[in-house]
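In what follows, a single structure is set out as structure tokens and then discussed.
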Amino acid sequence: MREPTFLILTALADAPRHGYGILQEVNALSGGRVSLLTGTLYTALDRLCAEGLVEPDHEELVDGRARRYYRLTSPGLTALTAETARLRDLATAAEARLRTPNPATPKPRPA
């Protein structure tokens, strides 16, 4: 799963959100590293809806404009849970390797 997809699903994990709310949440979740363009978000949401991972929840009118909210589906929750576990396993493996001394690394000389 690509990082933007993971972040969009994560943004929807706790509550339905409208497009701008998803953009803000993705930015916050990534610590400002990922800033999705509006077109990119809606293309991703269309794809995620087609895949059954996300679905429209409801619409409301704000200043005469329709604001559509999206929510995570049950398959979306399953996919997000699986990806979270996969990333956790990768991070755990990396941490274990970082704790293992590298024989190619020179040992510090006594002072």
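These numbers were taken from a predicted model, which means no experiment stands behind them.
- Atom NE2 in His58 sits 9.5 Å away from atom CZ in Arg67 (nearest 0.5 Å).
- With sequence neighbours excluded, the residues forming a salt bridge (charged side-chain N to carboxylate O under 4.0 Å, His left out) with Arg71 are Glu55, Asp57, listed by chain and number.
- Residue pairs meeting the salt bridge (Lys or Arg N to Asp or Glu O under 4.0 Å) criterion with at least one member in residues 27-44, sequence neighbours excluded, are Glu3-Arg33.
- Taking CZ from Arg68 and CD from Glu59, the interatomic distance works out to 4.5 Å, rounded to the nearest 0.5 Å.
- Checked by atom type and distance alone, the side chain of Thr43 pairs as donor or acceptor with a backbone atom of Gly39 at under 3.5 Å.
- The shortest non-hydrogen separation linking Ala13 to Leu72 is CA-CD2, 3.8 Å.
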**Item:** Audit row: Phe6, Leu87, side chain to side chain contact (heavy atoms under 4.5 Å, CB included) steps and yes/no
**Value:** CA-CA 10 Å; Phe6 178 78; Leu87 292 172; 3.9 Å; yes
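- Rounding to the nearest 0.5 angstrom, the gap separating the CZ atom in Arg97 from the CD atom in Glu95 is 13.5 Å.
- Under a 3.5 Å cut-off, the side chain of Thr40 and the backbone N or O of Leu36 do not form any donor-acceptor pair.
- With rounding to the nearest 0.5 angstrom, the CG atom of Leu41 is 11.5 Å from the CG atom of Leu7.
- In plain terms, the two heavy atoms of Ala11 and Leu29 that are nearest each other are N-CD1, 3.8 Å.
- To the nearest 0.5 Å, atom OH of residue Tyr20 and atom OG1 of residue Thr38 are 9.5 Å apart.
- Taking both residues in full, the closest heavy atoms of Gly52 and Thr73 are given as O-OG1, 2.5 Å, listed atom of the first, atom of the second, then distance.
- Taking 4.5 Å as the limit, every side-chain heavy atom of Asn27 sits out of range of all side-chain heavy atoms of Val34.
- In the hydrophobic clustering of ILVMFWY residues, with side-chain heavy atoms under 4.5 Å counting as a link, Leu9 and Tyr69 come out apart.
- Taking 4.0 Å as the cut-off between side-chain N and carboxylate O, Glu25 and Arg17 count as a salt-bridged pair.
- Atoms CG and CG, from Leu45 and Leu53 in turn, are 11.0 Å apart once rounded to the nearest 0.5 Å.
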